[in-house]
Amino acid sequence: EVLFYVIPYMTLRDILNMECICKYLRYWVRNDALLWRRLHIEPPLSKRIRNDNLIKLFERAKDQLDCLILVDCTMITEDIINHIVFVMVDIIDQ
């Protein structure tokens with residue numbers, strides 16, 4: 001139960017690593033949209049993340065994304081950022 005209080009203070013990299021611990025955590029991490037409300041991608045993860053990875057993380061948020069911070073994400077294209085912004089604006093307009 002303590003884990004649920006600790007997770008908001010974990011980095012994105014640590015949350016992704018939790019998927020490897022056990023089946024329960026893997027299921028919970030992948031399906032809890034609240035974990036994905038804030039995507040702060042920073043080094044060293046930012047050097048490896050690509051467009052398809054960012055889209056998968058964005059889809060995990062299930063329309064709950066509040067904040068997207070990309071620090072030194074050299075493999076992310078402007079087209080993907082535009083796509084995410086377009087989807088978010090469309091969700092807000094609904």
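Numbers for residues simply follow the sequence, beginning at 1. Everything numeric in this text was worked out from a predicted model, so none of it was measured. We use all heavy atoms of the structure for the numbers below, so side chains are in, but hydrogens, waters and symmetry mates are not.
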task: Please answer: with hydrophobic residues joined when any side-chain heavy atoms are less than 4.5 Å apart, are V6 and L12 in the same cluster?
output: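 Cluster IDs for V6 and L12 match.
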message: Quick check: is I55 connected to I76 through a chain of hydrophobic side chains (ILVMFWY, heavy atoms under 4.5 Å apart)?
response: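 Yes, I76 and I55 fall within the same hydrophobic cluster.
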Scan [options] and name whichever one has a side-chain contact (heavy atoms from CB on, under 4.5 Å) with [X].
X	options	value
N51	T77, I81, D79	T77
I84	N82, V87, I80	I80
W36	V29, L65, N31, D66	V29

Sub-4.5 Å side-chain heavy-atom contact between [X] and [Y]:
X	Y	answer
D32	I7	no
V71	P43	yes
F58	M88	yes
K47	D72	yes
L16	T11	no
I41	I69	no

field: Expected output: side-chain N53 to main-chain R50 donor-acceptor under 3.5 Å
entry: yes
Distance, nearest 0.5 Å, that separates [atom1] of [X] from [atom2] of [Y]:
X	Y	atom1	atom2	answer
M75	D52	CE	CG	10.0 Å
Y27	C22	OH	SG	13.5 Å
R30	L35	CZ	CG	13.0 Å

query: Between R60 and E19, is there a salt bridge with N-O shorter than 4.0 Å?
result: yes
Over all atoms of both residues, closest heavy-atom pair of [X] and [Y]:
X	Y	value
M18	L25	O-CB, 3.6 Å
Q64	R37	O-CG, 3.5 Å
I49	C73	CG2-SG, 4.0 Å

task: Might you confirm whether atom NZ of K56 has over 12 heavy atoms from other residues, nucleotides or ligands at distances under 6.0 Å?
output: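 Counting neighbours around NZ of K56, 12 or fewer heavy atoms of other residues, nucleotides or ligands fall under 6.0 Å, so no.
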